[in-house]
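When a ligand or atom number is given, it counts from 1 through the structure's own listing order.
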Amino acid sequence: MRILLTHIQELLQVRDNTIDKVSGAEMAVLPLIKNAYLLIENDLIVDFGSMSALPETNYDQKINCEGRVVLPSWCDSHTHIVYVGSREHEFVDRINGLSYEEIANRGGGILNSAKKLNETSEEEIYQQSKKRLDEVISQGTGAVEIKSGYGLSVEGELKMLRVIKRLKENYNLPIKATFLGAHAFPTDFKENHQGYIDLIINEMLPKIAEENLADYIDAFLETGYFSVEETQQIIQAGKKHNMPAKIHVNQFTAINGIAACVKLDALSVDHLEIVTDEDIEALKNTITMPVALPSCSFFISIPYTPARKMINAGLPLALATDFNPGTTPSGNMNLVVATACIKMKMTPEEAINAATINGAYAMGVSQTHGSITIGKKANIIITKPISSYYQIPYAFGSNLIQDVMINGKII
Ligand code: NIG
Ligand code: FE
């Protein structure tokens, strides 16, 4: 099956295959072709260029994209899409003045979601999660990472990861699974942190590795959650099972966690609402991708990641949703891109780079996704007619997506 898209007003993020992420000043450059064509064969991008250079070619279907923008699908490298129920009562508690920390201390927060998850069948969890995945795909996400972390017990964590595995089997977009047993200390281990860490390392991880249920490992490195030293133990244990780390860090406090993650070759460090000069230094010239989650900042009214400072220091930056029931009940990457521009003063070019190629890097799929590149998967967004790609962050409340294509098929 060959599909030819013609007269594309702007074809964004066209790259050769040597680029797996962009950093610093490069982030301001979003290569594009105006009045372009794009040729797709089966699930792959096989050619693109300017309409004036369109070769004689055969095809099965032609789509006229006049007035439309075409870009690679969003790569959402940080989500907790697998969860049960919702936490809107905590949302209202926050409106009435309680903080995220105060709610957690009352047994709300992560432990609230963990209780629900442990009481729910795998089938029911799958059905609830599938709905969210369908929704984010319709919003333009074409590659996604999903974390466990609402089990906090051997059975609960395995159950979550098996749901993610089933999603992987039933959907044809890339889904990366991250084991987040170290999301919070269950009540029984409140006074016995090492006991829970031992449970993660000696009971959960070997079973997860045996069933091949996780690609990455994560921990919530934060004051009141996992310390630097505790997180190091988790990362080291993940390494033994070939699970690189993607770590929640610097959401509320900076406690030198970023440097520790970088030293242990973390693939990404995520949240980063509070970032010090030392943290920025630690990230320079490393393989670790910093990931900002602006819709989390928006929803729980905490600071935004200092993107300008980080990009001006030469760092790369990725954007992701953090879709979860507590701090970001939204998986809409369009809103993330808009919020990054509006609140973090990222330019549209920087934000789109951060939400495509850099997001792909942050979940290990940049060889196949995240740009319009010959040989990459045909996961793309086709917008409605719009005046320019600036509309994507500008018209922040509108749904500008006409069609999404996954592996060369319109969904
Ligand atoms: O990324 N900060 C830690 N974990 C999630 C929130 C989890 C929850 O509140 O359910 C986050 O924001
Ligand atoms: Fe998260």
Side-chain angles (χ1 to χ4, degrees), residues 76-91 93-94 98-118 125 128-129 132 136 144-152 156-157 160 164 176-186 216-226 230-231 234 245-255 257 261 266-274 289-305 318-331 333 336 359 362-363:
D76 189 354
S77 67
H78 182 139
T79 83
H80 310 248
I81 278 176
V82 173
Y83 63 83
V84 172
S86 58
R87 306 219 305 262
E88 70 267 29
H89 294 284
E90 295 178 10
F91 164 65
D93 287 343
R94 267 198 312 279
L98 287 185
S99 68
Y100 182 78
E101 197 184 0
E102 285 163 334
I103 291 166
N105 291 339
R106 289 172 158 202
I110 296 167
L111 295 185
N112 180 355
S113 288
K115 186 167 181 292
K116 291 191 179 113
L117 187 124
N118 280 291
I125 301 168
Q128 292 193 22
S129 307
R132 294 182 201 109
V136 304
V144 66
E145 180 257 20
I146 309 175
K147 300 173 192 298
S148 69
Y150 292 123
L152 310 182
E157 287 297 310
M160 281 191 84
I164 302 174
K176 293 289 181 175
T178 300
F179 169 49
L180 176 54
H183 200 186
F185 288 97
Y216 300 111
I217 194 158
D218 193 349
F220 188 14
L221 197 179
E222 184 56 69
T223 307
Y225 291 83
F226 289 77
E230 289 164 350
T231 304
I234 302 285
K246 290 169 60 61
I247 301 293
H248 282 75
V249 64
N250 286 48
Q251 182 176 9
F252 302 113
T253 58
I255 52 174
C261 296
L267 176 62
S268 72
V269 284
D270 304 37
H271 269 291
L272 317 180
E273 286 86 347
I274 309 296
M289 175 64 72
V291 181
L293 310 168
S295 47
C296 172
S297 299
F298 174 72
F299 188 71
I300 63 168
S301 302
I302 58 175
Y304 289 86
T305 300
L319 289 167
T321 62
D322 198 19
F323 196 174
N324 77 78
T327 68
T328 326
S330 159
M333 281 294 284
V336 165
M363 58 175 144

Under 2.8 Å from the Fe ion (ligand 2), protein N/O/S atoms total 4
With T253, which residues qualify under side-chain contact (heavy atoms from CB on, under 4.5 Å), at least two apart?
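Residues passing side-chain contact (heavy atoms from CB on, under 4.5 Å) with T253: E222, T223, I255.
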The reported gap from SG in C261 to CD1 in I247 (rounded to nearest 0.5 angstrom) is 5.0 Å
Salt bridge (Lys or Arg N to Asp or Glu O under 4.0 Å) involving K147 - partner list, sequence neighbours excluded:
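Salt bridge (Lys or Arg N to Asp or Glu O under 4.0 Å) check on K147 returns E145, D218.
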With distance as the sole criterion, is a donor-acceptor pair present between the side chains of [X] and [Y] under 3.5 Å?
X: E88; Y: S86; result: yes
X: H248; Y: D270; result: no
X: N250; Y: H271; result: no
X: N324; Y: T327; result: yes

Has Y83 got a side-chain atom pairing as donor or acceptor with S113's backbone, closer than 3.5 angstrom?
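Here the side-chain-to-backbone pair does not exist.
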Looking only at atom types and distance, does a side-chain atom of T328 sit under 3.5 Å from a main-chain N or O of S295, one as donor and one as acceptor?
no
Every residue of the protein that comes under 4.0 Å of ligand 1, judged on heavy atoms:
H78, H80, R87, Y100, I110, Y150, H183, F220, H248, Q251, H271, D322, N324, G326, T327
